[in-house]
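Being a predicted model, the structure only gives us computed values, none of them experimental. Atoms within each ligand, like the ligands themselves, are counted from 1 in listed order.
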Amino acid sequence: MKVRKAIIPVAGMGTRFLPVTKSIPKEMLPIVDKPTIQYIVEEAINSGIEEILFVTNSYKKSIEDYFDRSFELEKRLEQSGKLGQLEMIESVSSLAKFYYVRQGEPLGTGHAIMLVKEFVGNEPFAILYGDDIVDAEVPCLKQMIAVYEKYDCNVLCAEELDESMISSKGILEYENMETGKIKNIVEKPALEDAPSNRGSLGRYILKPEIFEELEKIDLVNGELLLTDAILLLMKKQPFYACQLQGKYYDVGSKFGFIKANLEFALKYKELKCDMLQYLESFHKNKS
Ligand code: UTP
């Protein structure tokens, strides 16, 4: 069955990015001139997704507004003949069919996904975390859908990690490294105990049976974790990892956000030259 629906949970607290996330959702912070969330939505659409459901909360209204029509702004741009900008604004709201569900309390990623059971129904579905962006020639989710279609399985996305990152991430244990079949995820292992150097990032394709497993997991530090339900489902159904061809940025962290801004700016024709000159003179002055 085709993967048509995507869930983007955006109801987290964004504590790693305080104080700005006190009143601005981290998903709305711009990477150059587009909010993070738009890159994620565009990835989903360019991967063939038709319907997108955001798991949101009362602090994240600006996300709903962003993907809605802006009648007054559109009228003004039209009246003042700014047709290029008008087209840009209109295209955002017509990107896909958007739906919203509210998570009353941030009880974790597992809890956020429990709320989408009815929307998903009996289909496989994609999850894209609202603070992970990927720069890739073939969209990350499209790469994962290819693995789903090959094996008719649940799919995680793997990235190769530097040694320094291994003890702070969920590390994949492979049954077969060549096919990508996974048998376990080991949370934050010591470097010498790590089963591989690959971590999984915030993209998933899951079968609807995940909802039965979500019912069985317990709170950990006040949160239900999607990974715990995934580990239960892994005992019953095959999981494969798609080896990411591209670059991943954790834009929910300050350093990841700054790196993404710098590297994406270098891709903008109108910014590249100024950026390079600036970086060169900055480097000279520092050394
Ligand atoms: P994270 O753990 O990265 O986000 O969750 P967070 O909790 O907002 O971040 P920090 O650690 O406090 O800085 C991954 C994704 O799941 C969403 C987040 O918004 C993010 O997109 N999420 C997390 C929810 O929707 N609900 C939750 O209860 C927790």
**Q** Does the distance from a Lys or Arg side-chain N to an Asp or Glu carboxylate O, for Glu213 and Lys216, drop under 4.0 Å?
**A** yes
**Q** Can you report which non-hydrogen protein atom sits closest to atom 3 (O) of ligand 1, along with the distance?
**A** Asp131 OD2, 3.0 Å
**Q** Does a side-chain N-to-carboxylate-O contact under 4.0 Å join Asp135 and Lys247?
**A** no
**Q** Yes or no, since that's all I need: does a protein heavy atom fall within a distance strictly under 4.0 Å of atom 11 (O) of ligand 1?
**A** yes
**Q** For the residue pair Phe119 and Tyr99, categorise the inter-ring angle as parallel (less than 30°), tilted (30 to 60°) or perpendicular (more than 60°).
**A** tilted
**Q** Are any of the heavy atoms in His111 under 4.0 Å away from ligand 1?
**A** no
**Q** Assess Lys26 for proximity to ligand 1: is some non-hydrogen atom of it under 4.0 Å away?
**A** yes
**Q** Who's the nearest protein heavy-atom neighbour of atom 20 (C) of ligand 1, and how far?
**A** Pro9 O, 3.7 Å
**Q** I need the single residue from Leu156, Val155, Thr179 that forms a side-chain contact (heavy atoms from CB on, under 4.5 Å) with Val147. Which is it?
**A** Val155
**Q** Closer than 4.0 Å to some heavy atom of Glu27 - which atoms of ligand 1 meet that?
**A** 19 (O)
**Q** Give the atom numbers and elements of ligand 1 that come within less than 4.0 Å of a heavy atom of Leu107.
**A** 28 (O)
**Q** Does the Lys60 side chain pair with the main chain of Gly12, one donor and one acceptor, at a distance under 3.5 Å?
**A** yes
**Q** Among Asp250, Ile7, Thr109, whose side-chain contact (heavy atoms from CB on, under 4.5 Å) with Tyr129 holds?
**A** Thr109
**Q** Give me the ring orientation class for Phe264 and Tyr249: parallel if the planes are under 30° apart, tilted from 30 to 60°, perpendicular past 60°.
**A** perpendicular
**Q** Output yes when the distance from some N or O of ligand 1 to some N or O of Gly252 is under 3.5 Å, and no in every other case.
**A** no
**Q** N/O to N/O below 3.5 Å, does that happen between Gly12 and ligand 1?
**A** yes
**Q** Quick one: look up the protein heavy atom nearest atom 25 (O) of ligand 1 and list residue, atom name and how far away it is.
**A** Ala11 N, 2.8 Å
**Q** So that I can tick it off, tell me whether Glu209 and Lys236 are bridged by a salt bridge, with the cut-off set at under 4.0 angstrom between side-chain N and carboxylate O.
**A** no
**Q** Non-hydrogen atoms of Gly108 versus ligand 1: any pair closer than 4.0 Å?
**A** yes
**Q** For ligand 1, which atoms sit closer than 4.0 Å to a heavy atom of Gln103?
**A** 24 (C), 25 (O), 26 (N), 27 (C), 28 (O)
**Q** By number and element, which atoms of ligand 1 are closer than 4.0 Å to a non-hydrogen atom of Thr15?
**A** 10 (P), 11 (O), 12 (O), 13 (O)
**Q** Tell me: protein heavy atom nearest atom 13 (O) of ligand 1, and distance?
**A** Arg16 N, 2.8 Å
**Q** Within less than 4.0 angstrom of ligand 1, does Gly202 place any heavy atom?
**A** no
**Q** Between Lys207 and Glu123, is there a salt bridge with N-O shorter than 4.0 Å?
**A** no
**Q** Among side-chain atoms of Asp33 and Tyr268, is any donor-acceptor pair under 3.5 angstrom?
**A** yes
**Q** Please say which of Thr36, Ile63, Val20, Thr21 ends up in a side-chain contact (heavy atoms from CB on, under 4.5 Å) with Met28.
**A** Ile63
**Q** For Pro106, take its heavy atoms, then give the atoms of ligand 1 lying under 4.0 Å from any of them.
**A** 28 (O)
**Q** Among all the protein's non-hydrogen atoms, which is closest to atom 5 (O) of ligand 1, and how far away is it?
**A** Thr109 CG2, 4.0 Å
**Q** In this structure, does ligand 1 have an atom that sits under 4.0 Å from one of the heavy atoms of Phe17?
**A** no
**Q** Less than 6.0 angstrom from the centroid, inside 45 degrees of the normal: does Lys183 satisfy that with respect to the ring of Tyr174?
**A** no
**Q** Quick one: look up the protein heavy atom nearest atom 14 (C) of ligand 1 and list residue, atom name and how far away it is.
**A** Tyr129 CD1, 3.6 Å
